[in-house]
Number of protein chains: 2
Amino acid sequence: MPLTPDGDLCERWRQLMARYHDVSCALERALSQQHELGVSEFETLDLLVKSPYGKQFVHELHAGIHLSQSALSRTVARLEKRGLVTRAMCTNDRRAVSVTPTEEGRRLHAEAAPTHAAVLADHLGELQPQA
Amino acid sequence: MPLTPDGDLCERWRQLMARYHDVSCALERALSQQHELGVSEFETLDLLVKSPYGKQFVHELHAGIHLSQSALSRTVARLEKRGLVTRAMCTNDRRAVSVTPTEEGRRLHAEAAPTHAAVLADHLGELQPQA
DNA sequence: AGACATTACATGCGTACGCATCTAATGTCT
DNA sequence: AGACATTAGATGCGTACGCATGTAATGTCT
């Protein structure tokens, strides 16, 4: 017999959706209102800032984020347009594009990170982990 | 001290996102390929079929689904266009619109429900509940 | 080396979304 | 009753998304 009886699966899914949308909407609102950043943009910036060498290839970012390849490509393009990252062709593999946060990008990330953390604390904080 | 130390919140959020996107994408694919239904459309239909009187007002649906009011309005419009539900003005409160699934709507829901359940079982089944 | 597959990323396209706003109906307060 | 607020739902608008495809570079196989 399964860990969770079949009838509960739907309920589990509903709760997962509810939690996800709650947090996701709150993040979207807070980040975009206070820092003009979307969730995808913040996540991308976050991955970059926290990456070991301070830069990542687009396909490396793709492995760490829940976006289609095309959506990621455009997210990076948006970030570049705003001067938050730079794109550079890789010399070894000229198909690959490495993405590096600019000073401004790091500054904005540092500014937005507390907002991000606060929202998570608000909406994920007192809950016991369960979905 | 909180149930979950602060540093873990980000990790919790990442896992929640991962789980949500995994299930959500799988549902979207399965439902749209096999039944030409989006997740929002299925959820709406599901609420209707399972509602006590077999019909709901739009604002009642809104309370049970994670969609903005405008998105819900359009989802219902899409369902009506495909002949899966009918919209009717309420006589008591002429602002309200009640939504009723048609025979075809019920049939399609019955057809899609097992697909829905199977995807949930696949993607949520063996996991211990946790986010 | 040449043919074919694969990988990395960009882009055209259609669609569903949220926000803001609009209209109409109902509720409230004096 | 008349003025103002609120509620229900529809719609204009801009945007981010995924899918399919395009382009270029790299890998593989004979």
Side-chain angles (χ1 to χ4, degrees), chain A residues 17 20-33 36-45 48 55-82 85-100, chain B residues 17 20-33 36-45 48 55-82 85-100:
Chain A
M17 274 199 295
Y20 173 80
H21 278 110
D22 176 44
V23 179
S24 166
C25 291
L27 272 180
E28 192 72 44
R29 282 177 172 282
L31 289 175
S32 73
Q33 285 183 5
E36 290 183 61
L37 272 179
V39 171
S40 298
E41 279 140 13
F42 178 83
E43 297 287 343
T44 304
L45 216 45
L48 285 174
K55 52 147 73 177
Q56 296 259 98
F57 293 113
V58 175
H59 65 275
E60 290 172 325
L61 290 172
H62 188 219
I65 204 171
H66 305 287
L67 275 180
S68 69
Q69 181 267 319
S70 68
L72 176 57
S73 176
R74 286 182 166 114
T75 301
V76 171
R78 250 175 281 139
L79 289 173
E80 187 186 40
K81 198 170 177 181
R82 280 187 54 190
V85 305
T86 56
R87 278 192 284 198
M89 201 186 68
C90 172
T91 46
N92 292 340
D93 183 343
R94 285 158 54 202
R95 295 167 303 182
V97 170
S98 76
V99 186
T100 314
Chain B
M17 274 199 294
Y20 173 81
H21 278 111
D22 176 43
V23 179
S24 167
C25 290
L27 271 181
E28 191 72 45
R29 282 176 171 281
L31 288 175
S32 72
Q33 286 183 6
E36 292 182 58
L37 273 179
V39 172
S40 298
E41 280 140 14
F42 178 82
E43 298 287 343
T44 305
L45 215 45
L48 285 174
K55 53 150 70 176
Q56 297 259 101
F57 293 114
V58 175
H59 65 275
E60 290 172 326
L61 290 171
H62 188 218
I65 205 171
H66 306 287
L67 275 181
S68 67
Q69 181 267 320
S70 69
L72 175 58
S73 176
R74 286 181 166 114
T75 301
V76 172
R78 252 175 280 140
L79 289 173
E80 187 186 41
K81 198 171 177 181
R82 281 188 52 190
V85 305
T86 56
R87 280 192 283 198
M89 201 186 69
C90 174
T91 47
N92 291 341
D93 184 343
R94 283 158 56 202
R95 295 167 301 181
V97 169
S98 74
V99 186
T100 314

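Throughout, a chain's letter reflects where its sequence line sits, starting with A, and its residues are numbered from 1. The analysis underlying the following values was restricted to heavy atoms, covering all of them including side chains, and did not include hydrogens, waters or symmetry mates. Predicted model, so just to flag it, every value in this text is computed and none were measured.
Straight-line distance from the CZ atom of Phe57(A) to the P atom of dT26(D): 12 Å, rounded to whole Å. Atoms CG (Asn92(B)) and C1' (dA25(C)) sit 13 Å apart, rounded to a whole Å. In this structure, CD of Glu43(A) is placed 15 Å from C1' of dA16(D), rounded to the nearest angstrom. Following rounding to the nearest Å, His21(B) (NE2) and dG18(D) (C1') show an atom-to-atom distance of 12 Å. For the pair His59(B) NE2 and dA25(C) P, the computed distance is 17 Å after rounding to whole Å. One interatomic measurement links the two molecules: CZ of Arg87(B) to C1' of dG9(D), which rounds to 9 Å at whole-angstrom precision. Arg95(A) has its CZ atom 6 Å from the P atom of dA8(C), to the nearest Å. Between Arg94(B) atom CZ and dA10(D) atom P there is a gap of 16 Å when expressed in whole angstrom units.
Not one side-chain nitrogen or oxygen of Ser68(A) sits closer than 4.0 Å to the OP1 or OP2 atom of dC19(D).
Contact of Ser70(A) with dC19(D) (side chain to base): a donor-acceptor pair of N or O atoms is detected under 3.5 Å. Between the side chain of Gln69(A) and the base of dA8(C), no donor-acceptor pair under 3.5 Å is found.
Under the 4.5 Å side-chain criterion, counting only non-hydrogen atoms from C-beta, Arg82(A) is in contact with Leu37(A). Using a 4.5 Å heavy-atom cutoff, the side chains of Glu80(A) and Val85(A) are in contact.
The side chain of Val97(B) sits closest to dG9(D) out of dG9(D), dA10(C), dC17(D). The Val58(A) side chain lies nearest to dC9(C) when the options are dC17(D), dG9(D), dC9(C).
Counting non-hydrogen atoms under 4.0 angstrom, Leu72(B) reaches nothing in the nucleic acid. If you check every strand for non-hydrogen atoms under 4.0 Å, Glu28(B) touches nothing.
For Glu60(B) and Arg78(A), each mapped to the nucleotide of DNA chain D holding its nearest heavy atom, the one lying further toward the 5' end belongs to Glu60(B). Comparing Ala96(A) and Cys90(B) by the nucleotide of DNA chain C whose heavy atom lies nearest to each, the residue mapping closer to the 5' end is Ala96(A). Residue Asp93(A) is the one, among Asp93(A) and Arg74(A), whose nearest nucleotide of DNA chain C lies closer to the 5' end (criterion: closest heavy atom).
Under the Watson-Crick or G-U wobble criterion, with both distances below 3.5 Å, dC13(D) is paired with dG18(C). Both distances falling under 3.5 Å, in either a Watson-Crick or a G-U wobble arrangement, place dC29(C) opposite dG2(D).
Here the CE-NE2 distance, from Met17(A) to His66(B), works out to 5.0 Å after rounding to the nearest 0.5 Å.
The aromatic rings of Tyr20(B) and Tyr20(A) lie parallel to each other, their planes meeting at an angle below 30°, with 60° marking the opposite boundary.
Test Gln56(B), Lys55(B), Arg87(B) against Thr100(B) for side chain to side chain contact (heavy atoms under 4.5 Å, CB included) and you get one pass: Lys55(B).
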